[in-house]
Amino acid sequence: MIEKNGVAVYCASSSRVAAKYLDVARETGALLSRAGLRLVCGGGAMGLMAAAIEGAVDAGGEAVGVLPQFMIDKGWAHSRLTETLSTPTMHVRKDTMASLSCAAVALPGGIGTLDELCEMMTWHQLGLFSGPVVIVNTDGFYAPFLSMLDRMSREGFMRDGRVPAVVVATPAEAIEAIISFRACH
């Protein structure tokens with residue numbers, strides 16, 4: 001059984017992105033490993049997911065991929081995962097990733113990443129996920145989203161007027177936020 005010292009990392013599976021985003025994902029995986037934390041991710045063989053997995057494993061750490069069986073059947077799982085967990089659906093995938101994790105980190109990504117980030121912020125707000133939710137705002141990538149959250153807060157749509165996430169600029173700051181929260185050790 002996997003200990004709950006994993007960090008769920010949500011990010012793009014697309015490889016058609018700027019190198020700076022792939023570098024941030026690789027660095028995130030490596031820093032998690034060096035901090036003694038497991039990378040828990042969607043397990044994909046492409047894009048930021050692949051870079052994060054490779055960063056974690058190259059740094060001597062573990063990378064746990066959680067994929068619905070249909071993705072495994074299509075050969076989408078990264079070959080270097082330390083462990084591959086199969087789920088019956090995308091919904092179970094998200095729940096499994098959260099249950100293995102003491103924190104969640106969102107790197108740049110598309111609609112799937114945004115879906116996962118919003119669900120984790122909601123779960124955190126409702127007390128269903130107690131660890132920190134961290135947004136790595138690489139080169140201002142999340143600025144439009146953060147602006148929308150600020151508007152929600154100003155107009156009374158956010159509980160206590162607070163965004164249920166910590167926003168940082170770098171992977172190193174994300175690891176510092178997770179460690180300072182003391183949820184993972």
Side-chain angles (χ1 to χ4, degrees), residues 1-33 37-124 128-129 131 133-139 141-142 144-145 165 171 174 178 184:
M1 183 63 178
I2 296 173
E3 297 173 27
K4 192 169 178 172
N5 73 338
V7 174
V9 175
Y10 305 109
C11 56
S13 60
S14 175
S15 294
R16 298 174 311 219
V17 299
K20 65 184 171 187
Y21 299 123
L22 296 168
D23 293 343
V24 162
R26 193 170 290 104
E27 181 183 0
T28 300
L31 290 173
L32 286 170
S33 291
L37 300 166
R38 285 183 180 95
L39 169 70
V40 176
C41 68
M46 295 177 58
L48 277 71
M49 257 191 266
I53 291 164
E54 292 159 10
V57 173
D58 288 348
E62 297 179 26
V64 179
V66 183
L67 297 93
Q69 187 59 49
F70 81 88
M71 290 183 175
I72 294 171
D73 294 342
K74 290 183 179 201
W76 293 356
H78 197 294
S79 63
R80 293 185 64 198
L81 288 167
T82 313
E83 185 169 359
T84 303
L85 301 177
S86 171
T87 63
T89 66
M90 293 292 285
H91 294 293
V92 175
R93 175 197 209 183
K94 292 191 290 183
D95 184 57
T96 301
M97 287 177 69
S99 72
L100 297 172
S101 302
C102 56
V105 174
L107 301 177
I111 193 100
T113 303
L114 191 58
D115 168 60
E116 293 161 330
L117 170 59
C118 287
E119 185 155 35
M120 292 309 293
M121 289 191 314
T122 300
W123 288 6
H124 184 80
L128 300 173
F129 184 79
V133 178
V134 182
I135 299 170
V136 180
N137 191 23
T138 304
D139 200 23
F141 179 84
Y142 279 107
F145 176 68
I178 291 166
C184 294

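The first residue of the sequence shown is numbered 1, and numbering continues consecutively from there.
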Nearest heavy atoms of Phe141 and Asn137, plus distance in Å = N-OD1, 3.2 Å
Check residues 20-31 and write down every donor-acceptor pair under 3.5 Å in which the side-chain atom is one partner and the other belongs to a residue at least two apart or another chain.
residue	atom	partner	partner atom	Å
Lys20	NZ	Asp139	OD2	2.4
Thr28	OG1	Val24	O	2.8

If every non-hydrogen atom of Ala174 is compared with every non-hydrogen atom of Val136, which pair is closest and at what distance?
-> CB-CG2, 3.8 Å
Between Arg16 and Met46, is any pair of side-chain heavy atoms under 4.5 Å apart?
-> no
How far does OG1 of Thr122 sit from NE2 of His124, to the nearest 0.5 angstrom?
-> 11.0 Å
With side chains defined as the heavy atoms from C-beta onward, is the minimum distance between Ser101 and Val7 less than 4.5 Å?
-> no
Does the side chain of Val105 reach to within under 4.5 Å of the side chain of Leu32, using non-hydrogen atoms?
-> no
Heavy-atom check, side chain of Asp95 versus side chain of Trp123, under 4.5 Å = yes
Distance from Thr89 atom OG1 to Phe70 atom CZ, nearest 0.5 Å?
-> 9.5 Å
From Trp76 CH2 over to Leu67 CG, what is the distance, rounded to the nearest 0.5 angstrom?
-> 10.0 Å
Euclidean distance, Thr87 OG1 relative to Lys94 NZ, rounded to 0.5 Å | 11.0 Å
Without placing hydrogens or testing angles, list every side-chain donor-acceptor pair under 3.5 Å for residues 48-58, not counting sequence neighbours.
residue	atom	partner	partner atom	Å
Glu54	OE2	His78	NE2	2.8
Asp58	OD1	Arg80	NH1	3.1
Asp58	OD1	Arg80	NH2	2.5

Answer whether the closest heavy-atom distance between the side chains of Asn5 and Arg38 falls below 4.5 Å.
-> yes
Would you find a donor on one side and an acceptor on the other, under 3.5 Å apart, between the side chain of Thr82 and the backbone of Val64?
-> no
Where is the tightest heavy-atom contact between Gly43 and Arg93, given as atom of each residue plus distance?
-> N-NH2, 4.4 Å
Of all heavy-atom pairs linking Thr84 and Leu81, the shortest is OG1-CD1, 3.5 Å
Nearest heavy-atom pair of Ser86 and Gln69: which atoms, and what distance?
-> OG-OE1, 2.6 Å
Shortest non-hydrogen contact from Tyr142 toward Leu107 = OH-O, 2.7 Å
